[in-house]
Amino acid sequence: MPNFNTIRNDFPLLAREIHGKPLVYLDSGATTQKPQAVIDKINYFYTQINSNIHRAVHHLSSLSTEEYEASRQTVANFINAKSTAEIIFTKGTTDAINLVAFSFGEKFINEGDEILISEIEHHSNIVPWQLLCERKKAILKVIPVDDNADIIMEEFVKRLSAKTKLVAIAQVSNAFGTIHPIKEIIKKAHKIGAKVLIDGAQGIQHLKTDVQELDCDFYAFSGHKIYAENGIGVLYGKEELLAQMPPYQGGGDMIAQVTFTGTTYAELPLKFEAGTSNYVGAASIAESIRYISEIGLENIEKYENELLAYAEEKLLKIEGLKIYGTAQQKSSAISFMIKDIHPMDAGMILDKLGIAVRTGSHCVQPGMLRFGLTGTIRASLAFYNNKADIDALYNGLLKVKMMLS
Ligand code: PLP
């Protein structure tokens with residue numbers, strides 16, 4: 001078992017102070033801090049090998065291209081994709097979902113078809129489907145959750161029909177921490193011929209993920225949530241599906257040949273990578289994968305689960321505090337309210353104490369509404385957090401209560 005007490009020393013930013021207080025960073029669901037290894041990799045790229053990829057015959061270009069394609073292989077291995085043809089670099093999860101909504105939508109969605117999402121999806125896994133439904137006169141259906149923020153499986157099954165073409169659901173809810181039973185969902189959806197997209201933005205960094213074992217058709221995640229750079233993400237798609245889908249955007253790199261009478265497209269995965277990709281970002285993902293693989297995702301999961309249990313137990317000792325999201329299986333995020341205290345006020349006082357939490361709707365407005373809320377306070381954990389961070393949050397919240405009650 002790695003020493004999780006010293007691991008935070010790998011993350012330089014965590015050593016800084018905020019308003020003269022040691023930083024307690026509990027907003028990793030929004031974005032993660034970066035380990036020195038990733039920062040060094042980005043530095044190495046720009047000081048040693050930077051050049052545009054797939055373009056030139058000169059030495060730097062081939063070094064950059066080699067790194068980029070090796071990064072693709074690292075990602076493929078990490079999620080156990082069959083081949084690198086199935087790994088498309090995007091700008092992030094949002095970009096990956098929009099790619100599928102546009103391209104899969106163009107090819108496979110017709111008037112009257114149905115797309116299913118859960119009631120607690122991130123806006124990134126709602127709005128692209130709404131836009132697609134508008135374009136194609138298709139129907140977006142919502143699977144309700146119960147009072148714990150667990151998906152109601154019978155309601156899901158009720159909504160499945162021959163019209164269902166796609167189910168799009170998060171692996172882990174960013175607002176409530178629910179780990180959705182995606183394997184079961186995928187199995188049930190496949191039985192009636194529907195495809196499944198998993199929004200892995202909050203899953204990939206916490207849970208060991210094997211796309212072949214899950215048998216999902218698409219899987220999306222963001223670099224910045226897995227200790228790598230922003231502006232880079234991944235879309236995994238089954239090759240036989242991606243091969244049938246039209247390009248999402250046109251431009252350089254995604255073509256085989258261009259003439260004024262017509263254009264042919266590059267093979268997968270480049271068909272979906274128009275323009276200069278964020279190749280440095282891709283290398284940063286590969287480095288972060290190497291870094292967390294050394295720690296071991298099983299170890300990370302175990303440690304984070306223990307910390308989550310400690311945090312929930314501790315926070316519930318505060319009178320008037322209610323946790324929203326008490327699913328059977330949870331990861332990382334604790335959403336809560338304190339009686340008669342506005343989340344924003346709490347967030348501002350915590351900030352003055354050096355404690356960073358997220359307040360607001362967490363880009364999950366419909367999910368908040370389900371619980372009669374417009375927002376919550378959210379503490380989201382990473383493996384660089386420890387019990388002292390939770391204790392600081394607890395003490396900070398007592399101060400918030402004292403000041404605002
Ligand atoms: N899906 C979920 C569950 C998220 O938590 C987020 C970001 O918080 C996204 C999608 C969007 O990710 P990005 O902004 O990196 O595209």
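Sequence positions, counted from 1, serve as the residue numbers for this chain. Indexing begins at 1, ligand by ligand and atom by atom, following the structure's order.
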task: Answer yes if the side chains of Tyr279 and Asn52 hold a donor-acceptor pair under 3.5 Å, and no otherwise.
output: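 Side-chain D/A pair, Tyr279 to Asn52: absent.
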
If you have a sec, work out which protein heavy atom is nearest [atom] and how many Å separate them, to one decimal?
atom                    : value
atom 14 (O) of ligand 1 : Thr94 OG1, 3.7 Å
atom 4 (C) of ligand 1  : His122 CD2, 3.3 Å
atom 8 (O) of ligand 1  : Lys225 NZ, 2.6 Å

Taking [X] first and then [Y], would you say they form a salt bridge - that is, a charged N and a carboxylate O separated by under 4.0 Å?
X      : Y      : value
Asp147 : Arg370 : yes
Glu155 : Arg159 : yes
Asp217 : Lys238 : yes

- request: Specify whether Tyr384 and Tyr227 have parallel, tilted or perpendicular ring planes, treating 30° as the upper limit for parallel and 60° as the lower limit for perpendicular.
  value: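 Taking Tyr227 first and then Tyr384, their aromatic rings stand perpendicular (interplane angle over 60°).
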
Closer than 4.0 Å to some heavy atom of [X] - which atoms of ligand 1 meet that?
X      : result
Gln202 : 3 (C), 4 (C), 5 (O), 8 (O)
Ala201 : 1 (N), 2 (C), 4 (C), 6 (C), 9 (C), 10 (C)
Ser222 : 12 (O), 13 (P), 15 (O), 16 (O)
Asn174 : 3 (C), 5 (O)
Ser124 : 10 (C), 11 (C)

task: Pick one of side chain, backbone, both or neither for how Ala170 approaches ligand 1, counting any non-hydrogen atom pair under 4.0 Å.
output: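 For Ala170, there is no contact with ligand 1 at all, from either part.
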
Within reach of ligand 1, part of His224 (heavy-atom separation under 4.0 Å):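 The answer is the side chain of His224.
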
- request: Work out which heavy atom in Leu297 is nearest to a heavy atom in Gln205; give both atom names and the distance.
  value: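 Scanning both residues, the minimum pair turns out to be CD2-O, 3.7 Å.
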
message: Under 6.0 Å from the ring centre and within 45 degrees of the ring axis: does the NZ or CZ of Lys387 meet both conditions for the six-membered ring of Tyr310?
response: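 Yes; both conditions hold, so Lys387 lies above the ring face of Tyr310.
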
- prompt: Heavy atom of Asp199 under 4.0 Å from ligand 1?
  reply: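 True for this residue.
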
field: Pair Phe89 and Tyr68, ring centroids less than 6.0 Å apart
entry: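 Yes, the ring of Phe89 comes within the 6.0 Å limit of the ring of Tyr68, centre to centre.
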
